[in-house]
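Reckoned from all heavy atoms, side chains included, excluding hydrogens, waters and symmetry mates. Naming convention: chains lettered A, B, ... in sequence-line order (proteins, then strands); numbering from 1 in each chain.
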Amino acid sequence: MEEFLTREPGKAAIYVCGPTVYDVTHLGHMRAAVVFDVLRRYLEFRRYQVTHVQNVTDVEDKIIARAQAEGVSTDAITGRYLDDYQRVSRALNVLPPHVEPRASQHIPEMIEMIERLIERGYAYHAEGDVYFEVTKLPEYGKLSGQLPGELRAGARVEPGEFKRHPADFALWKRAKPGEPSWDSPWGKGRPGWHIECSAMSLKYLGMGFDIHGGGDDLIFPHHENEIAQSEAYAATRPFARYWVHNAMVMVHGEKMSKSLRNYIAVADALQRYSADVIRYALAAVHYRKPMEVDEARLEDAAKALGRLRIALASAGTVQARAGGGGTGGPASRALQRAAESASAAFTAAMDEDLNTSAGLASVFDLVAEVNRVTDQVLKGGTDAAETMPGLQEACDALRVMTAILGLRLEDAVDEELAGRVRDLAASLRQEAAQLFSGEPGRTLDEVVAFILAGREKARGKRDFATADRIRKRMAEAGILVEDLPTGPKWRVASTDGRRPTADASGHRA
RNA sequence: GGCGCCGUAGCCAAGUGGUAAGGCAGAGGUCUACAAAACCUCUAUUCGUCGGUUCGAUUCCGACCGGCGCCUCCA
């Protein structure tokens, strides 16, 4: 394990390159968001005080092009897509950054940096443009391994540019007609792309902050250039202590990207899969490995997640039977040991460069142990009380680990479902007063218990036709009942946290 | 052309210089009125290919084959 030494003990200052808001948010953006969200949650779990800064690029060529194409202002474009990004991030349980600075609101800071870079001799002014001169910095290329002399010579010198070296990059671009622009010592213009991240990270975190993150497609030139201009500006090193780059999301072997138009919008994915499923799918692969995303991947994630949820539901049934008491029998002790070793293995995996795949293996090891124990109880071999308090500890451990991955594991218990179950209870009372007596109660648990009690009466009389009918109607309402030797157990019917839909279950790629 | 990454069972996916986690799918069994879930057992002598280093390599080195990313905006 590479040792993680922060600038200040116990504190972690993180800057992540956020979205350029000119189009809808796709799963590639959310992979990055989820990776850094997991990193943040894990560091917080490890008791670091985390400061997470993530920029929004709202000054950029594509935004201008889009605004012109639609005949609207750039603000209209950036507002629309920033809203989309924030909305889907929230939906996926991504914690909002502590600071979310926008490039358009930090122009003075960028101008100040550029002026200093010119003073120091690292940048030059030409015809309203300002460029950073990479050959002035011997270390240029240290992050990406790219050396100025090796860059494809002259491959890309745009017309109207006045670079001294092909690898020199724009700090400031003079205004073209119809574009947003700001006054500067070099005339009207707008900042180059790279300078915003230097200006904003230094403003909010200062030189030598702990982790700089972003997609691995940003390593060169973006992050290389950030290092160059920041270290030249500050005259100290390092700009950032650690670099964390997530790999791309792939579609049929190609990077998912806006320009290739092969993306899956997160908002669309959320129509078909729960946030937990999407997060699980994105977090189940190590962050540095490119990941193909397709229907099968999401279906697999939904099933794996179902296994986790079912284990917790079974545990809930057993805990209810134990009624709060616990005798700490062998089953309890086995669960305590399993919870401890799974937690330790999970932490070790996450310490090792955020190995979420290995971490999930620990989660499922504990799931298996929980299932072994609840299976014994539900089949009548073990008394429920003997599993406590170990079962509770195991469930707590599962919740802690999955919460670090940002999984909510909530049931889709909405009012609609509760209402349907209440209606069912009411009509059953009408139809079979001999089975259903008393009041159904108010909460979902109470109402389900009411129905199941009546159904057990039918089963006791070996009236399986009635029992089957009730079970079927409960399933239609969204409650799945399983009969076990020691009595019924139930859970909300879907295992991925949302009600199954014809679309989600019927369509296959 | 330069820089870098990847290739592990039917699929997805960790991993280690000493003999392959986990998820999905599959087979058999247990439980069971039925259904469902769970549990138990099994499923890669083998980690793209060929060489090399080593007592020993999937793990290190080299070559090759195949795939990908960046070098232009991009998470």
Margin query: What contact category does A:H245 fall into here, base, sugar-phosphate, or nothing, at under 4.0 angstrom with non-hydrogen atoms?
Written below: nothing

Note to self: Please determine whether a side-chain nitrogen of the Lys or Arg among A:R102 and A:D58 lies less than 4.0 Å from a carboxylate oxygen of the Asp or Glu.
What the structure shows: yes

Checklist line | Under 3.5 Å donor-acceptor pair, A:K62 side-chain atoms to B:C73 base atoms | finding: yes

Check: Taking only side-chain nitrogens and oxygens of A:R297, does any of them come within less than 4.0 Å of OP1 or OP2 of B:A13?
Finding: yes

Checklist line | Identified pairing partner of B:C5, criterion: Watson-Crick or G-U wobble below 3.5 Å | finding: B:G67

Next item on the list: Check the pair A:H194 / A:F169 against ring pair (Phe, Tyr, Trp, His ring centres under 6.0 Å), numbers first and verdict last.
Entry: CA-CA 9 Å; A:H194 315 298; A:F169 56 91; 5.3 Å; yes

Notebook entry, point to check: Starting at CG of A:N355 and ending at P of B:A14, how long is that distance when rounded to a whole Å?
Noted result: 7 Å

Checklist line | Ion pair check, A:E476 and A:R420, cut-off under 4.0 Å | finding: no

Next item on the list: Could you say whether A:A361 or A:S257 is positioned toward the 5' end of RNA chain B, judged by the nucleotide with the nearest heavy atom to each?
Entry: A:A361

Item checked: B:A44 versus B:A20 - spacing of their P atoms, nearest Å -> 11 Å

Item checked: Whole-Å distance separating the CD atom of A:E482 from the C1' atom of B:C34 -> 13 Å

Next item on the list: Check the distance between B:C71's P and A:Y140's OH and give it to me in whole angstrom.
Entry: 12 Å

Check: Going by ring centres under 5.5 Å and near-parallel planes (under 30°), is A:F364 stacked on B:G22?
Finding: no

Check: Base, sugar-phosphate alone, or nothing: which one does A:L218 contact when heavy atoms must sit under 4.0 Å apart?
Finding: sugar-phosphate

Next item on the list: Would you indicate what A:V16 reaches in the nucleic acid, counting non-hydrogen atoms under 4.0 angstrom: base, sugar-phosphate, or nothing?
Entry: nothing

Check: Does A:D37 pair with A:R41 as a salt bridge, N-O distance under 4.0 Å?
Finding: yes

Next item on the list: Tell me whether the OP1 or OP2 atom of B:C40 has a side-chain N or O from A:R372 closer than 4.0 Å.
Entry: yes

Checklist line | Between C1' of B:C71 and NZ of A:K255, the distance in whole Å | finding: 12 Å

Next item on the list: With C1' as the reference atom in both, quote the distance from B:U8 to B:C47 in angstrom, rounded to an integer.
Entry: 4 Å

Check: With the threshold set at 4.0 Å, does a side-chain nitrogen-carboxylate oxygen contact exist between A:D468 and A:R471?
Finding: yes

Note to self: Taking the basic N atoms (NZ, or NE/NH1/NH2) and the acidic carboxylate oxygens, is any pair closer than 4.0 Å for A:R455 and A:D483?
What the structure shows: yes

Next item on the list: Write down the distance between CD1 (A:I195) and C1' (B:C73), rounded to a whole number of angstrom.
Entry: 18 Å

Notebook entry, point to check: Using purine N1 to pyrimidine N3 plus N6-O4 or O6-N4 for Watson-Crick, or N1-O2 and O6-N3 for G-U wobble, both under 3.5 Å, which nucleotide pairs with B:A27?
Noted result: B:U41

Check: Over how many whole Å does the gap from A:E224 atom CD to B:C3 atom P extend?
Finding: 14 Å

Next item on the list: Tell me the partner of B:C47, counting only Watson-Crick (N1-N3 plus N6-O4 or O6-N4) or G-U wobble (N1-O2 and O6-N3) with both under 3.5 Å; none if nothing fits.
Entry: none

Check: Rounding to a whole Å, what distance do you find between A:E476:CD and B:A36:P?
Finding: 16 Å

Next item on the list: Any strand is fair game: report the nucleotide pairing with B:U32 by Watson-Crick or G-U wobble, both distances under 3.5 Å, or none.
Entry: none

Notebook entry, point to check: Taking the same atom, C1', in B:A9 and in B:U53, what whole-Å distance lies between them?
Noted result: 29 Å

Notebook entry, point to check: Which part of the nucleic acid, if any, lies within contact of A:R288, taking any heavy atom under 4.0 Å across all strands shown: a base, the sugar-phosphate backbone alone, or nothing?
Noted result: nothing

Note to self: What is the distance, to the nearest angstrom, from the CZ atom on A:R190 to the P atom on B:C73?
What the structure shows: 11 Å

Next item on the list: Between A:D217 and A:Y287, just flag the one whose closest nucleotide in RNA chain B comes earlier from the 5' side.
Entry: A:Y287

